Amino acid sequence: MSEGQKYPVFNGSSEDYTSQMIDITRKRQKKLYNHAREEFDVIVKSYWHTKMITGIIHSSYLHHHDNDKNLFTQNFVKWSGLWFRVIESLNILQDSMILGLEGRTSSAFNLLRPALESIVAGAFYHCLSQSQYRERAEIIRKSDIGRTKGIINLVEEVIKNTADRNSIPAELERQMTRMSVEFASDVHLPKIGLMLAQLEEWEVLPVETELSLSEILHSTLYTKLSDYSHSIYHSSYAGKGIESRNHDVLFGWDVDIGSFKEFANHFRFLCAIILHFFLNLTEEIQKTQSYVGMMLEYIGNIPDMHLILGTIPEQIQDFIRQNQNNS
């Protein structure tokens with residue numbers, strides 16, 4: 001690239017173009033790291049702690065039942081649908097992280113909303129697959145008044161028609177979506193606001209503040225992420241460039257340090273939300289000795305984890321301590 005050229009020009013060689021784009025990415029990341037090093041670290045550490053903690057839960061359970069395949073089949077499928085959703089959220093977060101660390105914060109922001117939707121949907125359908133939650137689904141039942149096929153009726157129909165009972169948790173969401181397409185006029189799948197309200201009624205994610213779960217996640221996070229998706233002023237390169245009078249940002253040639261710092265805060269908060277949901281819904285499989293050993297070792301090797309994940313490390317340690325005292 002010539003001096004002063006903002007972006008590579010395609011000359012017919014994909015290899016040359018890719019090489020020049022890699023150089024640009026490195027320069028953008030270096031600038032972000034030099035001017036927002038704390039936020040740079042927050043993004044990377046938030047993602048990897050989230051991936052490691054959820055991975056420890058999964059791998060410790062596999063290790064615990066390694067010598068009893070039948071027991072594994074009977075038990076782990078209960079969490080398989082939720083686990084698939086966690087993997088999906090983490091995959092989306094990884095894409096968001098890569099874009100964010102490259103300074104493509106507008107695009108990175110737009111991936112946070114589907115990552116949030118994925119874990120909320122995973123928690124919601126995981127609970128619906130279990131009778132003890134369906135029996136306490138008053139929020140859903142109220143939303144179904146006047147409809148031919150309500151959500152609970154649809155769930156019961158899917159469960160009734162699923163030959164392999166062990167596959168219900170993983171199959172429920174897929175089958176409900178299929179049926180909603182086949183009976184489009186009668187079936188209305190829940191929106192994220194309804195899912196959050198129902199999860200709050202189930203006390204899946206205990207909230208010890210004046211705000212409700214819906215207010216914290218829907219109004220405080222989800223609605224803001226919706227703004228990022230739909231507002232040219234809030235997150236776009238054009239909006240930020242006009243606001244800062246930096247034409248390089250407007251055209252996507254330069255990084256926006258302010259937007260990057262804001263993205264880091266949203267990214268960390270979303271990682272914490274994913275962990276809260278997964279930890280609260282998988283307590284039953286966090287009681288194996290392999291989990292205790294692996295988790296305590298991981299947390300013990302990273303003493304400053306609370307700076308990234310807040311109270312989560314303490315909650316994990318308290319849960320382990322309580323179960324060891326009760327055993």
Side-chain angles (χ1 to χ4, degrees), residues 38-66 71-72 75-76 78-80 82-83 85-87 89-90 93-94 97 115-116 118-120 122-123 126-127 130 132-133 199-200 202-213 216-217 220-221 264-327:
E38 181 179 343
E39 290 77 12
F40 204 96
D41 287 346
V42 161
I43 293 170
V44 174
K45 291 179 179 179
S46 295
Y47 173 78
W48 278 105
H49 290 330
T50 304
K51 188 175 180 67
M52 286 298 298
I53 290 173
T54 55
I56 286 173
I57 295 173
H58 179 246
S59 60
S60 64
Y61 192 77
L62 293 181
H63 176 75
H64 180 74
H65 292 298
D66 188 46
L71 186 61
F72 161 75
N75 287 273
F76 188 73
K78 180 178 179 180
W79 295 274
S80 57
L82 176 63
W83 178 245
R85 273 299 192 173
V86 169
I87 292 175
S89 289
L90 287 173
L93 277 181
Q94 184 179 39
M97 175 180 67
L116 173 63
S118 182
I119 187 60
V120 170
H126 168 77
C127 293
Q130 301 170 55
Q132 65 266 33
Y133 286 104
L199 288 169
E200 182 176 4
W202 284 330
E203 298 183 333
V204 168
L205 198 64
V207 177
E208 298 180 359
T209 67
E210 294 180 357
L211 297 177
S212 68
L213 176 64
I216 291 174
L217 294 186
T220 306
L221 182 59
N265 289 330
H266 280 79
F267 191 92
R268 170 168 52 183
F269 183 45
L270 184 51
C271 285
I273 292 301
I274 290 173
L275 284 172
H276 275 300
F277 271 120
F278 198 59
L279 286 166
N280 280 308
L281 287 172
T282 57
E283 288 186 347
E284 189 176 334
I285 59 176
Q286 294 169 44
K287 297 178 180 179
T288 66
Q289 192 57 45
S290 54
Y291 166 80
V292 172
M294 294 169 68
M295 189 62 77
L296 289 179
E297 180 180 3
Y298 181 70
I299 294 177
N301 289 333
I302 309 174
D304 65 341
M305 190 188 296
H306 68 281
L307 297 175
I308 302 295
L309 298 179
T311 62
I312 287 177
E314 183 180 348
Q315 291 175 17
I316 293 173
Q317 290 172 321
D318 287 344
F319 178 78
I320 292 174
R321 192 179 304 115
Q322 290 172 7
N323 282 283
Q324 286 179 325
N325 292 337
N326 294 333
S327 60

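Since we're looking at a predicted model, the values are computed, not measured. When reading the values below, keep in mind they use all heavy atoms of this one structure, side chains included, and skip hydrogens, waters and symmetry mates. We number each residue from 1, following the sequence as shown.
A donor-acceptor pair is defined here as one N or O able to donate and one able to accept, closer than 3.5 Å; such a pair exists between the side chain of Ser89 and the backbone of Ala115. Using a distance-only test at 3.5 Å, with no hydrogens or angles considered, a donor-acceptor pair links the side chain of Ser118 to the main chain of Arg85. Checking side-chain atoms of Trp202 against main-chain N and O of Tyr133 turns up a donor-acceptor pair under 3.5 Å.
With contacts defined as side-chain heavy-atom distances shorter than 4.5 Å, the pair Gln315/Leu279 does not qualify. Residues Phe267 and Val42 have side chains not in contact (no heavy-atom distance under 4.5 Å, counting atoms from C-beta outward). Ile302 places none of its side-chain heavy atoms less than 4.5 Å from the side chain of Pro313. The shortest distance between side-chain heavy atoms of Leu93 and Ile274 falls below 4.5 Å. In this structure the side chain of His306 never reaches within 4.5 angstrom of the side chain of Thr311, judged on heavy atoms. Taking 4.5 Å as the limit, every side-chain heavy atom of Ile273 sits out of range of all side-chain heavy atoms of Val120. At a threshold of 4.5 Å between non-hydrogen side-chain atoms, the residues Lys287 and Phe319 count as touching. Residues Thr282 and Thr54 fail the side-chain proximity criterion, which asks for heavy atoms closer than 4.5 Å.
Within the model, atoms CH2 of Trp83 and CG of Leu281 stand 13.5 Å from one another, a figure rounded to the nearest 0.5 Å. Here Ile312 contributes atom CD1 and Leu275 contributes atom CG; the two are 4.5 Å apart, rounded to the nearest 0.5 Å. For the atom pair Cys127 SG and Gln132 CD, the distance stands at 8.5 Å (nearest 0.5 Å). For the atom pair OG1 of Thr50 and NZ of Lys45, the computed distance is 13.5 Å after rounding to the nearest 0.5 Å.
Among residue pairs with one or both ends in residues 291-305, those qualifying as side chain to side chain donor-acceptor pair (under 3.5 Å) are His49-Tyr298, Gln286-Tyr291; sequence neighbours excluded. Every pair passing salt bridge (charged side-chain N to carboxylate O under 4.0 Å, His left out) that includes a residue from residues 307-319 is listed here, sequence neighbours excluded: Asp318-Arg321.
No more than 12 heavy atoms of other residues, nucleotides or ligands lie within 6.0 Å of CD in Glu38, so this atom counts as exposed by the packing criterion.
Closest approach of Met305 and Ile299 over heavy atoms only: CE-CA, 4.0 Å. For Ser46 against Ile308, the heavy-atom pair with the smallest separation is OG-CG2, 3.2 Å. When all heavy atoms of Ser59 and Met294 are compared, the closest pair comes out as OG-CE, 3.3 Å.
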>> Please evaluate residues Trp79 and Ile57 with respect to the criterion side chain to side chain contact (heavy atoms under 4.5 Å, CB included), reporting the C-alpha separation (whole Å), side-chain torsions for both, the decisive distance (0.1 Å), and the verdict.
In response: CA-CA 11 Å; Trp79 295 274; Ile57 295 173; over 6 Å; no
>> Working note: Leu199 + Phe277, criterion side chain to side chain contact (heavy atoms under 4.5 Å, CB included); need CA distance, chi angles, decisive distance, verdict.
In response: CA-CA 10 Å; Leu199 288 169; Phe277 271 120; 3.9 Å; yes
